[in-house]
Amino acid sequence: MTTLIINRTKFTYMNKRILLSLAVLATTVGWAQDLKLNDLEYFERQGVNVLVYSNSFNGGFNDEKNSGIEVIHHGVRTIQGGAVRLNNTPEQWDLVPTMTSRKVDREKGTIEVGLRYDYYDFDSRVVVTAKGKAVEIAVWLDKPVPEKLAGEAGFNLEFLPSQYWLKTFTMDGRLNRFPRYATSQTIARPNSEKPRQFKGFKTYDDRGTDQFVDPLPLETGHSIVMAADAPERMVRISSDDAELKLYDGRMLAQNGWFVLRSVLPKGKTGKVVTWTVEPHAIPGWIREPNIGFCQVGYTPEQPKVAVIELDKQDQPQTTATLMRIKADGSTEEAFKGDIQNWGPYFKYNYVKFDFSSVREPGVYYIQYGHTKTNNFLIDEHVYDKITDATTDVWVPIHMNHMYVTEGYRTWHGEPFKEGYLQAPESDHFDLHRQGTTTDTKYKPYELIPGLNVGGFFDAGDFDIETGSNISVVQNFIRAWELFKPMRDETFVSQKQRYVDLHRPDGVPDILQFIEHGTLNLVAQAEQIGHMAQTLSNSVLDNYHHLGDAASITDGLHYDPSLKPYEVSADGKRSGTPDDMWAFTTRNPYLDLRAATMFAAASRALRGYNDDLAERALTQSKRLMKEGTELIKELTAKGRQDVTDYSWLDGFEFGSNSAAKPDKKRQKLIERSRRNSELLGDMATNLQLYGATQDKQYLDNFEKQIWDALELALPYNMQTALDAVPYMDEAYKQKLRPYVEKYKDYIQNFDKQNPYGVPIGLGNWAGVNMVLNFGIAVNYAHLYYPDIVSKDEIYRVANWLYGCHPYHNYSFVAVVGAARPKQVFYGNNRADFSAIPGNVAPGLLFRKPDHFENFDDWPFLWGQNEGTIAGNTQYIIFGSAFKNLVQKQ
Ligand SMILES: [Ca+2]
Ligand SMILES: [Ca+2]
Ligand SMILES: [Ca+2]
């Protein structure tokens, strides 16, 4: 991908113009075209893309709504999941096939994939062929369906509910409408007939019935027309050799899609199922321009550049207009300016509209061709409130082990009253593992006392990720020490285990958040002896909980001598194995991270909660000593912790590229590793210096930072900048050339993409990377304003608040944005809602060329899930940014 981006930047302005005109010429011919296999290996006609395993199933920690045969229909990925599946409506943890081969045959116009279920020794092939305006999808078997899967294995295709509900469909001519809510029928079947789920876990609690629930079809037939009433969603599907059954996947799981499926016939081989699928294309369709701008608004003096995303068939306008809405409601032209061409980036073309010269405070909107944006402000104070929703609403709602209320509404009761059990040896569903030993004094399933206190819910789920919670406390401490926010909008009583939003209690909220995070982490260190990996669900059937956190478990201690669902006579114990587990396999690196955090926490809490400050310091010293010794032992045993710089590949920044590690670089890596083992982590050393003023820590830091900057400048610039307040002028001078290089790195993004920020292409949309970048740019400007100018600090704010691909909604459910995103993958996602102040990961990249961020479908975590670590990082970014903007 890097090469592609770099090559693109070599186009001159003129070349881009020529390419664009050629693209426009091709348009008129394109509309009438049939589906063609293109150079990116998918079937294309204007308005319709049919992808065949451009994206693969992952198998476990994946909603599995991102893969298989997918259709991007008039710019929206509305159909996916095309594959041989083992369930009528597969859930997140149902088995998915492994793709064993993918063959593209340009001559025949086909893509063929081999699919395999190892567990069942079951192979199939799916062949997709372009036939006019339709594709034929055929399932081939070389051996019949295994006995165990007969009647269960079928070909499935899934349709996005939010794009199909309330639209019509006809099956064999019978009229119907897609339901807004799941209300179809189900049957209960014996568990013995249920195909295996991921690693043998069960997504459901059968309440002792030994049965699972299976949805019945909404309709059955041989020919279906979906959404004839909505041309942009209309699809015709027919099959002569197989029955089509339409299901509603939401019957089993709120994130389910509508599923069309044909069961594979028993005992047959060869071409066993054939479908013809024709997504309708609107003649002459051209995607509406997406005018990216900062929804929160602009300060008068800042640069103001809208990035306009255009269909590659679209002819760019030559000018755009900034309109002002006057106090009497009438409008006037404030500015008319030329459109500047940027060029192609993945599947669209980009142009820019610069209206920086407009400085008059007021209400504005952009008019580009016939497209008009919503309004936004130009004003000195637009950024004043950007962190308030996050600090006042999102964070307190994510406080674990507390009752949280707001006005008339209770967000959740007090969760996990029964505490946490020692996890037995296990392979967990949320990326955790408990080894053969517990590394503690507790026996498997024994109650570890005192852990149900403090801590923050991880994200859209309710576990305490220790690593994240360490980052959270550090983020709060950093915000506290840098900005001293005295804001008090939250009532927190640890004694009552009660939190009330918008009720001041005389204590700055951020101190209470530091205390809340520290309480859990100190309890882990004291009770377990070291840091747990996580405090998480023991059973999958309550891990996917959506609702009041207090009802995830029954609040009663698990007693295996009772029958499941039985409650003891005293009402304190139950036979339901729903208690949460502590995963306690010792990781000395995590202990060291905790030691750093505890040192900082003891400093921050001193004078507010001296007892907790003292406990934190005690654990810091102990874990630092034990962790360092354990790591020495591990190193002696030959285990090496190699720092992985491969993620830097995407940035392609001079000597920091990990592509070809030369000898010099190899030497640097080895010296860094040795130093880190000898002297301790450099960031930890810096923290410890802050906590103790012991000069030795500062020396340890300085012995490492220069190598680190040589190795991975973008990654380590923030740490280098964090040291500036502690260091002398000589350090600042020595850092100068690195900041100069960093400026080049910042500005290089203008060539890599039209938005000027690092854009992630992984299965998590990567807002953390963007926020890190934003924080580092802020501090580079703060300490070196002559190198990194103030104009650079607006990049990340623009991106977050609406100037990005796909749509122009703000990724932060934030005060001040005219059009924030409406739905997030928060714990209220089943209500198609958001928790104010949440920050979405952002644009999810779908191979080979599609960015997306659904705003009517919250259930894809890669694009819509805000995390506790990310959102507290946003508080730092937002606070630093506000401060700089306000500084004249
Ligand atoms: Ca989690
Ligand atoms: Ca408070
Ligand atoms: Ca329980």
Side-chain angles (χ1 to χ4, degrees), residues 60-62 92 205 388 391-393 395-396 398-400 402 404 406 414-421 428-432 445 447 452 455-469 471-472 476 480 485-494 496 498-516 532-545 549-560 562 564-568 571-581 583 608-609 764 825-827 861-862 865-870:
F61 200 57
N62 188 319
Q92 182 171 351
D205 174 1
D388 296 352
T391 56
D392 298 359
V393 184
V395 168
H398 287 73
M399 292 170 85
N400 200 343
M402 304 291 263
V404 180
E406 176 184 24
E414 183 194 330
F416 315 126
K417 284 184 180 172
E418 68 267 70
Y420 296 80
L421 305 183
H428 194 236
F429 35 81
D430 194 7
L431 304 179
H432 298 289
Y445 304 107
L447 178 73
N452 56 333
F456 294 90
F457 298 141
D458 179 30
D461 49 2
F462 302 89
D463 52 319
I464 290 191
E465 291 278 350
T466 300
S468 294
N469 271 263
S471 303
V472 166
F476 282 133
W480 172 244
M486 302 305 286
R487 197 172 173 89
D488 175 20
E489 281 296 325
T490 312
F491 172 92
V492 180
S493 167
Q494 290 293 344
Q496 296 173 19
Y498 191 91
V499 174
D500 192 10
L501 276 54
H502 317 301
R503 176 196 291 271
D505 61 2
V507 183
D509 298 339
I510 201 149
L511 268 183
Q512 291 168 313
F513 299 153
I514 295 169
E515 176 184 45
H516 195 70
Q533 292 175 34
T534 182
L535 309 180
S536 190
N537 307 64
S538 61
V539 283
L540 182 54
D541 67 63
N542 70 18
Y543 170 70
H544 52 57
H545 179 89
S551 58
I552 294 172
T553 62
D554 60 10
L556 308 175
H557 293 291
Y558 172 52
D559 181 347
L562 297 166
Y565 316 106
E566 189 184 344
V567 177
S568 64
K572 288 181 176 162
R573 291 165 296 120
S574 86
T576 308
D578 64 1
D579 296 19
M580 302 281 278
W581 287 351
F583 290 77
Y608 166 60
N609 184 339
W764 178 267
Y825 186 105
N827 57 43
W861 52 261
E865 183 175 22
T867 66
I868 185 71

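Atoms within each ligand, like the ligands themselves, are counted from 1 in listed order. The analysis underlying the following values was restricted to heavy atoms, covering all of them including side chains, and did not include hydrogens, waters or symmetry mates.
Rounded to the nearest 0.5 angstrom, I464 CD1 and L535 CG are separated by 5.0 Å. Rounded to the nearest 0.5 Å, atoms CD (E418) and NE2 (H557) are 7.0 Å apart.
Ring planes of Y445 and W581: perpendicular class, angle over 60° (limits at 30 and 60°).
Of all N, O or S atoms in D461, the one lying closest to the Ca ion (ligand 1) is OD2. Summary: OD1 is the N/O/S atom of D554 found nearest to the Ca ion (ligand 3). Residue-level check: among N/O/S atoms of D505, OD1 sits closest to the Ca ion (ligand 2). Summary: OD1 is the N/O/S atom of D579 found nearest to the Ca ion (ligand 3). Closest N/O/S atom of D578 to the Ca ion (ligand 3): OD1. In terms of distance to the Ca ion (ligand 1), the nearest N, O or S atom of D458 is named OD2. Take the N/O/S atoms of E418: the one nearest the Ca ion (ligand 3) is OE2. As for D488, its N/O/S atom nearest the Ca ion (ligand 2) is the one called OD1. Counting just the N/O/S atoms of D509, the one with the shortest distance to the Ca ion (ligand 2) is named OD1.
When each of F456, F476, F457 is tested with H516 by the rule ring-ring contact (aromatic ring centres under 6.0 Å, His included), just one qualifies, namely F456.
The closest donor-acceptor contact from the side chain of S471 to the backbone of G467 lies under 3.5 Å. The main-chain N or O of G460 is found under 3.5 Å from a side-chain atom of E865 such that the two form a donor-acceptor pair. Here the side chain of S468 pairs no donor or acceptor atom with the backbone of A869 at under 3.5 angstrom.
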Next on the checklist: If you apply the rule side chain to side chain contact (heavy atoms under 4.5 Å, CB included), what do you find for F429 with N537, and how did you get there?
Outcome noted: CA-CA 9 Å; F429 35 81; N537 307 64; 4.1 Å; yes
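Inclusion of L556 in the first shell of the Ca ion (ligand 3) is supported: an N, O or S atom falls under 3.0 Å.
In this structure, O of V507 and O of T490 enclose an angle of 180° at the Ca ion (ligand 2), rounded to 10°.
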